[in-house]
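Have a look at the structure below before the remarks.
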Amino acid sequence: QVELVESGGGLVQAGNSLRVSCVASEGAINFYTMGWFRQAPGKEREFVAAINWNGGSTHYADSVAGRFSISRDDGKKMVYLQMDSLKPEDTAVYYCARGRSFDFIIAAIVQTSEYVAWGQGTPVTVSS
């Protein structure tokens with residue numbers, strides 16, 4: 001029942017910042033784990049970041065830890081991914097997703113199978 005729409009992607013130079021956003025145009029995100037994944041050309045979709053139902057816990061892939069930050073605003077039905085110190089290897093289509101429940105189990109939330117709704121993605125290209 002939820003429809004997610006990402007925005008904010010674009011072309012940026014390495015070292016710069018970008019924030020991508022996700023809005024639940026239909027449905028709700030309250031009480032659900034929310035995540036960001038990305039898919040680079042020729043690669044499978046990989047976990048980037050996740051945030052638990054109340055925003056109290058976050059988890060990041062090692063490749064982005066310290067550079068990316070996920071946040072949520074349930075009142076606006078939005079999830080954000082702030083990306084700093086971008087690298088060319090961050091180039092990918094970024095997807096937001098809603099989890100199955102409020103559970104926040106690390107081994108589960110890093111897997112695509114834990115999510116039941118996905119946006120269409122927003123492309124991010126980082127030039128060198």
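Remember, predicted model here, so these are calculated numbers, not experimental data.
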Notebook entry, point to check: Heavy-atom count around Glu46 CD within 6.0 Å, excluding the residue itself: above 12?
Noted result: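 For Glu46, atom CD is crowded (more than 12 foreign heavy atoms under 6.0 Å).
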Next item on the list: Please report the closest heavy-atom contact between Trp118 and Arg45, naming both atoms and the distance.
Entry: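 Smallest interatomic distance, heavy atoms only, reads CE3-NH1, 3.3 Å.
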Notebook entry, point to check: If you look at every heavy atom in Asp74 and Ile29, which pair is closest and at what distance?
Noted result: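 Asp74 and Ile29 have their closest heavy atoms at OD1-CD1, 3.3 Å.
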Between [X] and [Y], is there a donor-acceptor pair closer than 3.5 Å when you use the side chain of the first and the backbone of the second?
X	Y	answer
Gln120	Glu6	no
Thr33	Asp103	yes
Asn52	Phe104	no
Arg19	Leu81	no
Lys77	Gly27	yes
Tyr94	Val48	no

Next item on the list: Check the hydrophobic clustering (I, L, V, M, F, W, Y; side-chain heavy atoms under 4.5 Å; chains of links allowed) and say if Phe68 and Met34 are grouped together.
Entry: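 Shared cluster, yes.
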Next item on the list: For the residue pair Tyr32 and Arg100, establish whether any side-chain heavy-atom pair is separated by less than 4.5 Å.
Entry: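 A side-chain contact under 4.5 Å is absent here.
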Item checked: Side chain to side chain, Thr112 and Phe37, heavy atoms closer than 4.5 Å ->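 In short, these two side chains touch, coming nearer than 4.5 Å.
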Next item on the list: Could you list the residues that satisfy side chain to side chain contact (heavy atoms under 4.5 Å, CB included) with Pro88, not counting sequence neighbours?
Entry: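 Pro88 satisfies side chain to side chain contact (heavy atoms under 4.5 Å, CB included) with Ala14, Val126, Ser128 only.
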Check: Got a sec, which residues hit side chain to side chain contact (heavy atoms under 4.5 Å, CB included) with Thr58, two or more places apart in sequence or on another chain?
Finding: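 Listed in chain order: Ile51, Tyr60, Ile70.
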Check: Under 6.0 Å from the six-membered ring centre of Trp53 and within 45° of its axis: does the NZ or CZ of Arg72 meet both?
Finding: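 Judged by the rule (NZ or CZ under 6.0 Å from the ring centre, within 45° of its axis), Arg72 is not positioned above Trp53.
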Item checked: Counterpart residues, salt bridge (Lys or Arg N to Asp or Glu O under 4.0 Å), relative to Arg98 (two or more places apart) ->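 Not a single residue meets the salt bridge (Lys or Arg N to Asp or Glu O under 4.0 Å) criterion with Arg98.
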